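Below: the structure, in structure tokens.
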Amino acid sequence: MNLIGTSINHHTATIEQREALHLSKNEMTEFIGILRNNLLSDGFVISTCNRTEIFGLPVDNNLDISKIQDALLSYKHVDGLSNNNFLNFFSCGAVKHLFSVTSGIDSLILGDSQIHGQMKDAFQLSVDMNFAGTIMRRIFDTATRVGKRSITETEIGEGAVSVSYAAIQVVEKIFANLQNRSAIVIGAGETGELAALHLKDKGIGNLAISNRTLSRAEELARKVYGEIVPFENLHELLHNFDIVISATSSPGVILNYDEVKTIVKKRRGNPVCLMDLALPRDIDPAVAKLDGVFYNDIDTLGKIIDMNIRKREKEIPAVEAIILEEMQNLFSWYNTLEVIPTIKKIRDFFEEIRQEEIDKIKHKVHEEDIKKLDDMTKRLVGRLLHNPTIRLRQIAESGLNYQEVANYTSVISNLFNPEQVDEEINNN
Amino acid sequence: MLETIHILNFLLPLLYAATFAVYLTDFYKDKPALHNIKRIFLFVTLLIHTIYLVLWTIHFDHPPITTKFEIFSVLAFSIGFSYFLIELSTDIRATGTFILAISIIFQALSTVFIEDVINVPEVLKNRLLGLHVISALCGYTGVTISAVYALLFTVQYKRIKLNQFGLVFNRLPSLELLERLAVSSVMVGFALLTIAILIGTIWLPSAFPDFSYLDPKLLATGLVWLFYGAGLIVRLTSGLYGKKFMTYSIAGFIIAMISLGITGIIGSTFHQFSK
């Protein structure tokens, strides 16, 4: 398989460099136009905040891969990057790398499943632009399957690896059913939004948003079907919530020890979960000493993230086993592509001889007998070619020895050599 | 039949230990394959224990509730069976290790010290005694299970408070669930203890000529009953929630065990069925 791939990612470039090379959908469309000009016959381009990768089948087998990289660099006019910032992959290596990307084991956040959707979009663009033939489609289908299997058959995507999700994991160890609980998210920034979305996904009974800028609170509340608590009334109403997630950009503490103590008193022994996702912190960490108060900040939640990352790392061999299995399947299929023309040629050759012999006696026997002879010779040819065809396919599908496939194909072609036989017949 | 009873008696602690080992392995490994295997182990153990108890009752012509060590075997069964029902109804599978440890202790003591009691006084064959003992046993099973869940609550509470998010944090259920299980168990236990005390109050004076309301065992049981009753009332009226109630439940269990132990040592009670 002459698949090639080139990649610039978090292993080889800084975030600024990766950002500079990022291609929007419109840019990808334009860039595919450049690629198909004289570089690749089929392929696709994936570009995320962490990687830009180009995979494809070269127009010319001797294509210098650096030409693809140069095309990208000159298209984006990026300074400070060279061919050295790219990783190159060929044939098996390219397939393996692609599968590693889709499975999430090559992601910046190990096991990140966002890549699945991004890959799907990238490939759809290639299909829409008629830039994906049979082989590329098969490669992509297999890559998609690798991604799905990695998620369902291993624990590579298990556990929280973001602070907002880690906070929810702790909350779930305090309250059994979030449907009967109420939560408030203070701060409508990126972290606050993620936390609110996680709570909504977990089916929180009542969700409220509070933010200094009311319009941003309203915007997030609309997204998560939450209610709004005016920031100025926050302290009076906070005791009504079982879960408080704070992620503001306030320079100082917004909830001090005494205020939390008052909340605990008002809650009459019911536990309250305070998750401080802000930096600098929003809640006085001394509140952790209070009975019935469960307090966590970024540092303590980081422990959960580290633990989950370690667990995911243990799943890498299982994912690699899936990759290997799917690679074997893909290459079995691909190897059959090599023998199919030979099989077809031999079958056509036998069919031609059969037809000629039938034609020779066509006018000598009765029409009903011709039909019988026609059926009988078809069966005969079919049976004669059945075992060689199956065997050749099996050898190809085993995918273990490419040379063996080539030898068998060559022997069959030489023994029967349909073209040469045809020529001799014509000469005689 | 006696030989079969003796073999089963010997096998039971081993079966409980094997079940405990599977539960413990699953607690550490959390392998899906073990989830059903451990339940099968527990089911088989309980089934064999049931056969043992039935054979015992048939052979000795009385249920195994006339001596301390007979009762221990029933208690081991009762705790294991109650946990089996909890696991089936709640699908909480990670707490079996801790509950079954108690069953092992009771069954091991029973296996070692149980004696073949063939002749029991006629009074101990009374049906009311059966009801009295069974309800008391189930009551103690309830408070025992409650104490185990309360202990697990305390452990999980500390894990969360100290940000120790390791194996125990991951495997134990949420605090709310542990509290619910502890409270439900203690409520069932308290109700059954109440029934046991009521039956005892009605039946014992007529059955035992030397009956006295100041008997140490009656006083001890009354103390335990009052302790749990007070705790439940305070919970319902003033909100004795979370860690405080869990500590109370553990304290109740300790008081129950100490009082039973002391009255067992004193021994001067009409309430001692076998000499």
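Being a predicted model, the structure only gives us computed values, none of them experimental. All chains are named by letter (A, B, ...) in the order of the sequence lines, taking the proteins before the strands, and each is independently numbered beginning at 1.
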First locate atom [atom1] of [X], then atom [atom2] of [Y], and finally report the distance between them rounded to the nearest 0.5 Å.
X	Y	atom1	atom2	answer
Phe165(B)	Asp306(A)	CZ	CG	11.5 Å
Asn180(A)	Glu176(B)	CG	CD	7.0 Å
Lys173(A)	Ile160(B)	NZ	CD1	8.0 Å
Glu179(B)	Ile174(A)	CD	CD1	12.5 Å
Met307(A)	Phe169(B)	CE	CZ	6.5 Å
Leu177(B)	Asn177(A)	CG	CG	9.5 Å

Would you say [X] has more than 12 foreign heavy atoms packed within less than 6.0 Å of its [atom1]?
X	atom1	value
Tyr165(A)	OH	no
Met327(A)	CE	yes
Lys244(B)	NZ	no
Phe81(B)	CZ	no
Lys161(B)	NZ	yes
Phe175(A)	CZ	yes
Lys266(A)	NZ	yes

Original post:
Quick one: what part of Leu178(B) sits under 4.5 Å from any heavy atom of chain A, side chain, backbone, both or neither?
Top reply: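 Neither the backbone nor the side chain of Leu178(B) comes within 4.5 Å of chain A.
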Subject >> Atom group of Arg159(B) that falls short of 4.5 Å from chain A, counting heavy atoms >> reply: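 Neither part; nothing is under 4.5 Å.
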**OP:** Tell me, for Arg181(A) versus chain B, whether the close heavy atoms (under 4.5 Å) come from the side chain, the backbone, both or neither.
**Re:**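 Answer is side chain: those atoms of Arg181(A) sit under 4.5 Å from chain B.
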**OP:** Please look at Asp291(A) and chain B and tell me whether the side chain, the backbone, both or neither of the residue comes under 4.5 angstrom of a heavy atom of that chain.
**Re:**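 Answer is both: backbone and side chain atoms of Asp291(A) are under 4.5 Å from chain B.
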**OP:** Considering only heavy atoms and a distance below 4.5 Å, find which of Gly292(A), Ala288(A), Ala176(A), Gly159(A) pairs most often with chain B.
**Re:**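 Ranked by heavy-atom pairs under 4.5 Å with chain B, first place is Ala176(A).
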Original post:
Hey, does Lys311(A) have a side-chain heavy atom less than 4.5 Å from the side chain of Asn170(B)?
Top reply: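 Of all side-chain heavy-atom pairs linking Lys311(A) with Asn170(B), at least one is under 4.5 Å.
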